[in-house]
Amino acid sequence: MTRKSQTEPARRLRCAVYTRKSSEEGLDMEFNSLDAQREACEAFIASQRAEGWACLRERYDDGGVSGGTLDRPALKQLIADVEDGLIDVVVVYKIDRLSRALMDFSKLVEIFDRHGVTFVSVTQSFNTTTSMGRLTLNILLSFAQFEREVIGERIRDKVAASKKKGMWMGGYVPLGYDVVDRKLIVNEAEAA
């Protein structure tokens, strides 16, 4: 190694932190899940400072949005900034924060690859430049998708069981009815 290469500063890599939480529960707290994810990602980026990593100030936070869709405001902005060449590295706490759908994740990785952007999960270390790394990533994403589908099945089963018991499960109350103790009761004035 020459003396010049030892003293050359590392290329600055602009790192964007993306955070997501499916439900809005707890997001109004002073320090919430999105903050915790961001803090872990920022600490990881700080640990890579010698490699030229620098955290961007822009926040890409999707609170109360499912990972089963790409239709998320902060994710759309992240993709736009990737396409505009403003980001070198996308950092997430776990890969399922970026997506829980295998096909959606593949689309995101394709966009990142097309623009020379690297993807890093701070809690799941793998190298996607190797076949073993890609296999590991696909296994993790398959489990993330499986978990999302199982949660969906559980919710559908609970709603169906509650409906069988005659419980009102939400939505617009039909004209002529009121909801009392999670049951539809005829509103005589409206029904007349």
Side-chain angles (χ1 to χ4, degrees), residues 16-41 56-84 87 90-112 119 121-124 137-192:
V17 174
Y18 177 77
T19 64
R20 183 188 62 80
K21 184 174 189 275
S22 296
S23 71
E24 293 183 357
E25 183 181 336
L27 289 180
D28 55 346
M29 296 171 64
E30 187 174 322
F31 185 78
N32 60 43
S33 174
L34 299 179
D35 297 323
Q37 290 175 45
R38 183 169 184 83
E39 190 174 277
C41 292
L56 296 174
R57 288 186 184 168
E58 288 77 11
R59 294 186 70 113
Y60 303 95
D61 302 329
D62 277 320
V65 185
S66 169
T69 176
L70 293 179
D71 190 21
R72 294 175 254 158
L75 181 62
K76 286 181 175 178
Q77 185 60 53
L78 177 77
I79 292 170
D81 288 350
V82 163
E83 291 173 339
D84 287 344
I87 297 170
V90 172
V91 182
V92 296
Y93 182 70
K94 283 187 171 182
I95 58 168
D96 66 359
R97 298 303 85 199
L98 196 58
S99 178
R100 283 187 179 265
L102 193 54
M103 293 304 291
D104 289 346
F105 192 86
S106 295
K107 289 176 191 171
L108 291 171
V109 169
E110 188 180 311
I111 293 169
F112 295 164
F119 166 71
S121 166
V122 299
T123 58
Q124 297 158 316
L137 177 62
N138 285 335
I139 290 171
L140 290 171
L141 285 168
S142 293
F143 277 105
Q145 183 169 329
F146 171 73
E147 183 183 358
R148 181 175 59 87
E149 290 171 358
V150 167
I151 289 169
E153 289 171 2
R154 218 178 302 139
I155 291 170
R156 281 191 297 276
D157 290 348
K158 169 69 173 137
V159 169
S162 297
K163 284 181 176 177
K164 276 187 178 176
K165 291 185 178 271
M167 298 174 74
W168 177 250
M169 295 307 297
Y172 292 108
V173 177
L175 183 64
Y177 291 90
D178 290 324
V179 176
V180 178
D181 294 329
R182 299 188 69 182
K183 294 192 180 215
L184 286 179
I185 306 296
V186 175
N187 180 326
E188 297 297 338
E190 285 183 2

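Distance check: Ile87 CD1 to Leu56 CG gives 6.0 Å after rounding to the nearest 0.5 Å. Atom CG in Leu98 sits 9.5 Å away from atom CG in Asp104 (nearest 0.5 Å). In this structure, CZ on Phe105 lies 5.5 Å from CD1 on Ile95, to the nearest 0.5 angstrom.
A salt bridge is absent between Lys183 and Asp178; no separation between the charged side-chain nitrogens and carboxylate oxygens falls under 4.0 Å. Salt-bridge annotation for Arg20 and Asp61: absent, with no side-chain N of the basic residue lying under 4.0 Å from a carboxylate O of the acidic one.
Inter-residue side-chain proximity for Gln77 and Pro73 is flagged as unmet; no heavy-atom pair is nearer than 4.5 Å. When side chains are defined from C-beta on, Lys76 counts as touching Asp71, because their heavy atoms get closer than 4.5 Å. Between Asp35 and Thr19, every side-chain heavy-atom pair lies at or beyond the 4.5 Å cut-off. Residues Ser66 and Lys21 fail the side-chain proximity criterion, which asks for heavy atoms closer than 4.5 Å. Contact annotation: the side chain of Arg59 never approaches that of Val17 to less than 4.5 Å [non-hydrogen atoms, C-beta and beyond]. Side-chain contact between Leu175 and Asn187 is absent, with no heavy atoms from C-beta onward closer than 4.5 Å. Using a 4.5 Å heavy-atom cutoff, the side chains of Leu184 and Pro174 are in contact. Side chains of Lys163 and Trp168 form no contact here, defined as non-hydrogen atoms less than 4.5 Å apart.
Across all their heavy atoms, Tyr93 and Cys41 have their closest contact at N-SG, 3.5 Å. Of all heavy-atom pairs spanning Ala16 and Leu78, the tightest one is CB-CD1, 3.8 Å.
Remark: Met169 CE is packed, more than 12 non-hydrogen atoms of other residues, nucleotides or ligands lying under 6.0 Å away.
No side-chain donor-acceptor contact under 3.5 Å links Glu110 and Ser106. Side-chain contact annotation: Arg38 with Tyr18, donor-acceptor N/O pair under 3.5 Å absent.
Residues satisfying the salt bridge (Lys or Arg N to Asp or Glu O under 4.0 Å) test with Lys94, not counting sequence neighbours, are none. In terms of the salt bridge (Lys or Arg N to Asp or Glu O under 4.0 Å) criterion, Arg182 has no residue partners (sequence neighbours excluded).
Between Phe119 and Phe112, the ring planes are parallel. Angles under 30° get that label, and only those over 60° would be called perpendicular.
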Ile79 vs Leu108, side-chain contact (heavy atoms from CB on, under 4.5 Å): CA-CA, chis, key distance, verdict: CA-CA 8 Å; Ile79 292 170; Leu108 291 171; 3.6 Å; yes
Worked check of side-chain contact (heavy atoms from CB on, under 4.5 Å) between Tyr60 and Asp81: CA-CA 10 Å; Tyr60 303 95; Asp81 288 350; 2.5 Å; yes
Step-by-step ring-ring contact (aromatic ring centres under 6.0 Å, His included) determination, Tyr172 to Tyr177: CA-CA 10 Å; Tyr172 292 108; Tyr177 291 90; over 10 Å; no
Counting only pairs under 3.5 Å, give me each side-chain donor-acceptor contact of residues 147-159, with atom names and distances, residues two or more places apart or in other chains.
residue: Glu147; atom: OE1; partner: Arg100; partner atom: NH1; Å: 3.1
residue: Glu149; atom: OE2; partner: Gln145; partner atom: NE2; Å: 3.2
residue: Lys158; atom: NZ; partner: Ser162; partner atom: OG; Å: 3.4

